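Owing to the predicted nature of the structure, the values given are computational and were not obtained by experimental measurement. A, B, ... follow the sequence lines: proteins, then strands. Residue 1 opens every chain.
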Number of protein chains: 2
Amino acid sequence: MTINGELLIGSTIKKGSASSFRAVNPATGEQIEPSFGAGTVEDVEQACVLAQDAFDTFRNTSLESRAAFLELAAQNILDLGPALIERAMQESGLPQARLEGERGRTVNQLRLFAKVVRDGRFLATALDSALPERTPPRPDLRLRKIGLGPVAVFGASNFPLAFSVAGGDTASALAAGCPVVVKAHGAHPGTSELVGKAVQAAVKAAGLPEGVFSMLHGDGRTIGQALVTHPAIKAVGFTGSRQGGLALVRAAAGREEPIPVYAEMSSINPLFLLPGAMAERAAQIGTGFIGSLVMGSGQFCTNPGLVVALEGAQLDQFRDAAATALQAQVGSTMLSPGIHKAFNSGVEKLGKEEGVTLVARGQCGTTVCAGQAALFETDAANFLANPALEDEIFGASSLIVRCNSVEQFRDVAEHLDGQLTAAMFLNESDRDAALALLPTLERKAGRVLINGYPTGVEVAHAMVHGGPFPATSDSRSTSVGAGAIDRFLRPVSYQDLPSWLLPEALQDANPLGLHRIKDGELVKG
Amino acid sequence: MTINGELLIGSTIKKGSASSFRAVNPATGEQIEPSFGAGTVEDVEQACVLAQDAFDTFRNTSLESRAAFLELAAQNILDLGPALIERAMQESGLPQARLEGERGRTVNQLRLFAKVVRDGRFLATALDSALPERTPPRPDLRLRKIGLGPVAVFGASNFPLAFSVAGGDTASALAAGCPVVVKAHGAHPGTSELVGKAVQAAVKAAGLPEGVFSMLHGDGRTIGQALVTHPAIKAVGFTGSRQGGLALVRAAAGREEPIPVYAEMSSINPLFLLPGAMAERAAQIGTGFIGSLVMGSGQFCTNPGLVVALEGAQLDQFRDAAATALQAQVGSTMLSPGIHKAFNSGVEKLGKEEGVTLVARGQCGTTVCAGQAALFETDAANFLANPALEDEIFGASSLIVRCNSVEQFRDVAEHLDGQLTAAMFLNESDRDAALALLPTLERKAGRVLINGYPTGVEVAHAMVHGGPFPATSDSRSTSVGAGAIDRFLRPVSYQDLPSWLLPEALQDANPLGLHRIKDGELVKG
């Protein structure tokens, strides 16, 4: 499996002619061969036009053949074997077991969406019978959802497989019947090329139009902007920094035709430690918290960056246990020199903020980009007075906020920006406090957890990986789990169509065996 | 039922202290008593804070009590009796029968959403069982949707009841559990006050927090902008001009926290007349077309502003029948002097465009703001070359586009902006042409009709009143029908909640009797 530094425009494989670059091994700081050529604005144009041309054919494939295509892409990725894992390790600094796990997740996502496609529930079919005798007569109305159109997907640095070229955004967009143009992340171009070619091969083997999938290299400012502002692109999926996400949101809003941007950006994922749980197991919660904090060098969107607890002896126990666990941690390699540098300056800045004190740091790692974990603390009054304390530090850094009453938990919660997750640690004796806090947490976060740490985002039907701004740019959706397909769909109503013109999903005989809303009632038929 | 020119801020009723204005009777051009005081930015602040304060309580009301509240609001509107219809006639120039019908529609919308709320399907509940033995263990995950937060609703001029103070946007937002702050339309302030007080009384009688509903008077530039940019407001519903809608979209995008704007703007609702249908009944289609065109003085979002047909004898028949029908039409009063003026200048401008000729005009009406209907024609080459020919003229004006082949229908369709509706007139012999055109029409429009005119938007489950930009600012939704509730919801996932903390909709015993997705399968239980 050679990596040639190429980009994929439909079925074309070619070396990009704009500026060239190499990946960097964050463990050593050394460049990795080969060089990659960035795409040009003309390449973007070509990929987008191919995607547009492919759209009608692709969205009108049968559910079965679209599902089989997703499964084939999954198989092709698995068939890349150890070469994929090796390249991803070099480019990301992530360990083998984690990347093998992530490959499994990537493949499972594609397979889940194959199941979602076969199931057909995403079509949201509804039928209202004609009432010809009524005054005025009611026409026959039938509704199904169709894809929005070609989708631009931006690979994320922190999931070089599961949220990159064939990750959740790509899988859900393809499942919705939308062609995808990927802008590969510059930190793992070789991994991207391998996966991109696996998807490209699946497009070809499935006999689909070539424009169903393209992948370009290049930076956000030129290729990224050209992609998001291309008239053929009808939606955007992005996971990354707040700055990067907001740039895409602005670019999309500035188009003649504004389009949806699903940017998953920043979140500090607060843990609220209620007194009953703390009386029972403060030290245990503290140790578990550090396990979640340092996992993957803290490079998860759901990393617990804030802990809210009551001042007192139990918080001391929590803090001591957390500090002990943290000090035993040897820093692991972060994803890129840029991320490592941003982490260090974020930690340095937080340590200098007024009223913030250092609780403990982890040990230095041995690699160039090893992240040294950090835990700070402050009091609630200080936290509420200084918005900078709420800034996400991407990596293993967290801040304890000491409150002088449980009522103050709500002040802190109300003060927070939107989050991907919010957790409470509690037991039965915390019932009143938990019931009082829940409505605020629901309003602030996409997922509320009890007695659990937010890292670990299950790919399931009831998962929400999303949340109010700035956790995401659009809280009406999830980027993980079956519901992610809904982001790329819109409803179309069909009035009085003759049977020969009706889409299969809406035909009287219900050949797809769907659950449908018939005159307001959900029926299978 | 006296009208005092007041605004409603929660339970407070008061005269606005900013500039005062009176409604104008468009039939006579005369002002109508009393004067209304516009609200101030402080009034906006107060209404928004009350709405924010009301949100948690309101969204946590039981489905039954929320449904009963919507029904009570409907009943209170009915109980206004003839006073409401009389005032609406004076302010809108619309005839009694139309307004009585519209009142019925308004009440039915509120009742439909009461049914939607009781049904609970909008909660989109899903449950994934815990798998404690798996590596890693899977947590218990449960999902439901909750309201986005307070919603700003802008009353529309063309539906002073059904898309105004207690219209579709308000009904669907309240159904979703979102408090509503209405900016009343300046053309029908008295109608707005009557309906607003009916809703306000329902809030009080239902024992809900006063902030569930407020209504302000004032212009879009000050009160409208203040409302859309207030941090407590989490979504916007609007029906009106493209200019007005885009101003709100821009204001919302410029907020620190961007929010969804559902602006239903402009659409010319093309009719494609296929040759088989024309051979059969060209004159009949032409007569029916004029009936749709002049209905309500052409002041419907779904008014048929474009007709695409093959050059030839059958088009001549269509044109003759349409011209005859049009010339028999006496212009009826338009909604306001401003709309009447804009219609006249739109018609004048279109008549002067190169290659556009007048087919026929209706008769002048007798009232000050009577709109004189107009029908123009041009050829496809000219239409494709001049984007101005696609501009919506709000009122009874339409343009016939002559094509020299059925293939050119697709060129015209592809050239079009996004639409609320697109219709084909066809018979069995048009099968190939219809199948070829359908994918384009699906991509361009929210509703595709066969052998029907687009005016008349059924309030039903399978209705889509929406469509790609610029028909709306967000094609992922509908503003008419049961699906409108989805615009104001977001999903929340609950992980490992103890039973005593779980929302009713997600409890094991399924006390609400919902259909739920359990481990991927739809079940009632």
Could you check if a side-chain atom of [X] sits within less than 4.5 angstrom of a side-chain atom of [Y], using non-hydrogen atoms only?
X: B:Leu497; Y: A:Leu449; value: no
X: B:Val464; Y: A:Leu143; value: yes
X: A:Ser493; Y: B:Val448; value: no
X: B:Leu501; Y: A:Leu438; value: yes

Name the member of [options] that forms the most heavy-atom pairs with chain B at distances under 4.5 Å.
options: A:Ile146, A:Leu127, A:Leu522; result: A:Leu522
options: A:Ala482, A:Ala445, A:Gly483; result: A:Ala445
options: A:Arg487, A:Met463, A:Arg250; result: A:Met463
options: A:Glu521, A:Glu256, A:Arg144, A:Arg138; result: A:Arg138

So A:Asp128 and B:Glu458, side-chain contact (heavy atoms from CB on, under 4.5 Å) or not? Walk me through it. CA-CA 10 Å; A:Asp128 291 313; B:Glu458 189 69 31; over 6 Å; no

Part of [X] lying under 4.5 Å from any heavy atom of chain A:
X: B:Ile259; answer: neither
X: B:Asp486; answer: neither
X: B:Pro491; answer: both
X: B:Ile517; answer: side chain
X: B:Arg516; answer: neither
X: B:Phe488; answer: neither
X: B:Leu506; answer: neither

B:Lys234, B:Glu257, B:Arg255 screened by side-chain contact (heavy atoms from CB on, under 4.5 Å) with A:Phe469, the one that passes: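 Option passing the side-chain contact (heavy atoms from CB on, under 4.5 Å) with A:Phe469: B:Glu257.
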
Can A:Glu442 and B:Arg490 be counted as an ion pair, charged N to O under 4.0 angstrom? no

Among [options], which residue has the highest count of heavy-atom pairs closer than 4.5 Å to chain A?
options: B:Ser477, B:Gly467, B:Pro503; result: B:Ser477
options: B:Gly418, B:Gly254, B:Ser475; result: B:Ser475
options: B:Ala253, B:Pro258, B:Pro136; result: B:Pro258
options: B:His465, B:His515, B:Arg121, B:Arg142; result: B:Arg121
options: B:Val492, B:Asp496, B:Leu489; result: B:Val492
options: B:Gly452, B:Ala434, B:Gly456; result: B:Ala434

Please step through side-chain contact (heavy atoms from CB on, under 4.5 Å) for the pair B:Arg59 and A:Arg443, ending with a clear verdict. CA-CA 11 Å; B:Arg59 71 185 173 87; A:Arg443 248 192 294 109; 4.2 Å; yes

Could you report the tightest heavy-atom contact between [X] and [Y], atom names first, then the distance?
X: A:Arg476; Y: B:Pro260; result: NH1-CB, 3.4 Å
X: A:Leu435; Y: B:Trp500; result: CD2-O, 4.0 Å
X: A:Ala462; Y: B:Ala126; result: CB-O, 3.4 Å

Heavy-atom distances under 4.5 Å only: say whether A:Leu441 touches chain B with side chain, backbone, both or neither.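 For A:Leu441, there is no contact with chain B at all, as no heavy atom is under 4.5 Å.
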
Counting only heavy atoms not in A:Arg98, do more than 12 sit closer than 6.0 Å to its CZ atom?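 Counting other residues, nucleotides and ligands, CZ of A:Arg98 exceeds 12 neighbours.
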
side-chain contact (heavy atoms from CB on, under 4.5 Å) between A:Arg447 and B:Tyr494: does it pass, once the steps are laid out? CA-CA 6 Å; A:Arg447 178 164 54 115; B:Tyr494 300 83; over 6 Å; no

